[in-house]
Amino acid sequence: MKLKNRKGLLIFLIASFVFFIHLLFLNLKTYIIFNRHKDFMDIILSLIWIFISLLHISKTFKYSEIREKGIYLENGFYSWNKIYYYEWMSPDTIKFKIQGSNLNEYEEKVKVSCKNKKQIDKILQKYIKLSSSII
């Protein structure tokens, strides 16, 4: 079951990608026409920013998703035995407490579709203990 995704972030990242592509072509044009070596560094920086934009765009296409063996969130996949607590922060936001690989705990907040709330809660109750829910 897919959880809510972030369309605003995706739009920003695609706009950034287009901006850096445009900047790359401008830098290439000035490098070719004027043959200035300082423009070469601008080309390299544009390529780096394009690469970073593509990485972030690909990351936003990975939806948060509930699966049979755990939950796939923005920062990776977490098996059910690593997620030991969840709480509804609002009708469309869940806070998970997760045990990290180095035994530290941290929190992940996920926005969900309100229309799937009961179905999501039923699945989560099956695998994770609930505390102070707002349903």
Side-chain angles (χ1 to χ4, degrees):
M1 169 180 290
K2 289 184 180 177
L3 305 175
K4 206 173 197 179
N5 61 344
R6 301 180 195 177
K7 291 181 183 173
L9 178 63
L10 182 61
I11 291 168
F12 171 76
L13 291 172
I14 290 173
S16 298
F17 175 73
V18 169
F19 171 76
F20 288 118
I21 290 285
H22 181 69
L23 194 61
L24 173 67
F25 284 118
L26 286 175
N27 289 332
L28 280 171
K29 181 180 172 184
T30 57
Y31 180 74
I32 291 169
I33 292 172
F34 299 112
N35 199 18
R36 292 187 302 205
H37 292 289
K38 77 174 190 83
D39 290 330
F40 185 73
M41 191 56 151
D42 293 337
I43 293 170
I44 299 298
L45 287 173
S46 295
L47 287 172
I48 289 170
W49 281 111
I50 289 169
F51 179 70
I52 289 170
S53 297
L54 285 173
L55 283 176
H56 285 289
I57 288 170
S58 68
K59 190 175 183 181
T60 60
F61 278 117
K62 294 179 180 177
Y63 294 99
S64 295
E65 193 171 39
I66 296 175
R67 299 189 181 169
E68 204 172 298
K69 296 185 180 193
I71 299 178
Y72 186 81
L73 298 173
E74 188 176 317
N75 293 327
F77 181 78
Y78 303 100
S79 61
W80 293 117
N81 61 351
K82 295 286 184 189
I83 305 167
Y84 61 90
Y85 169 88
Y86 80 100
E87 176 182 356
W88 287 95
M89 302 299 293
S90 69
D92 68 342
T93 306
I94 307 172
K95 176 174 73 174
F96 293 101
K97 286 198 177 181
I98 302 168
Q99 180 182 0
S101 57
N102 55 358
L103 300 177
N104 290 336
E105 71 175 49
Y106 58 97
E107 296 178 355
E108 286 268 350
K109 291 182 183 173
V110 179
K111 290 218 176 259
V112 298
S113 172
C114 289
K115 65 181 178 181
N116 296 333
K117 182 177 180 179
K118 288 184 181 183
Q119 189 179 8
I120 292 168
D121 195 56
K122 185 178 178 182
I123 294 168
L124 293 177
Q125 283 180 10
K126 182 177 176 181
Y127 296 105
I128 309 168
K129 65 182 173 184
L130 174 69
S131 177
S132 63
S133 67
I134 306 169
I135 298 179

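Worth knowing before you read on, the calculation uses all heavy atoms, side chains too, and leaves out hydrogens, waters and symmetry mates. Sequential numbering from 1 along the given sequence is applied to the chain's residues.
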Nearest 0.5 angstrom please: [X] [atom1] to [Y] [atom2], how far?
{"X": "Lys117", "Y": "Ile94", "atom1": "NZ", "atom2": "CD1", "answer": "8.5 Å"}
{"X": "Ile83", "Y": "Leu124", "atom1": "CD1", "atom2": "CG", "answer": "8.0 Å"}
{"X": "Ile14", "Y": "Leu54", "atom1": "CD1", "atom2": "CG", "answer": "10.0 Å"}
{"X": "Leu55", "Y": "Leu13", "atom1": "CG", "atom2": "CG", "answer": "10.5 Å"}
{"X": "His22", "Y": "Phe17", "atom1": "NE2", "atom2": "CZ", "answer": "14.0 Å"}
{"X": "Asn27", "Y": "Ile32", "atom1": "CG", "atom2": "CD1", "answer": "11.0 Å"}

Can you see which heavy atom on [X] is nearest to which on [Y], and at what distance?
{"X": "Val110", "Y": "Phe96", "answer": "CG2-CE1, 3.9 Å"}
{"X": "Glu68", "Y": "Tyr127", "answer": "O-OH, 3.9 Å"}
{"X": "Tyr84", "Y": "Ile128", "answer": "C-CG2, 3.8 Å"}
{"X": "Ser53", "Y": "Phe20", "answer": "OG-CD1, 3.9 Å"}

ILVMFWY cluster membership beyond Phe34 - transitive side-chain contacts under 4.5 angstrom: Ile33
Side-chain heavy-atom pair Trp80, Ile71 within 4.5 angstrom cut-off: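 When only atoms from C-beta onward are counted, Ile71 and Trp80 do touch, with a gap below 4.5 Å.
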Contact check, side chains of Asp121 and Tyr86, non-hydrogen atoms, under 4.5 Å: yes
Phe77, CZ atom: more than 12 neighbouring heavy atoms under 6.0 Å: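 Check passes, neighbour count above 12.
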Under the salt bridge (Lys or Arg N to Asp or Glu O under 4.0 Å) test, residues paired with Lys95 that sit two or more places apart: Glu87, Glu107
Donor-acceptor under 3.5 Å (Trp49 side chain, Ile21 main chain):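 Not confirmed, Trp49 side chain does not pair with Ile21 backbone.
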Connected via hydrophobic side-chain network under 4.5 Å: Leu26 and Ile48: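 No; tracing contacts between hydrophobic side chains, which count when under 4.5 Å, never links both residues.
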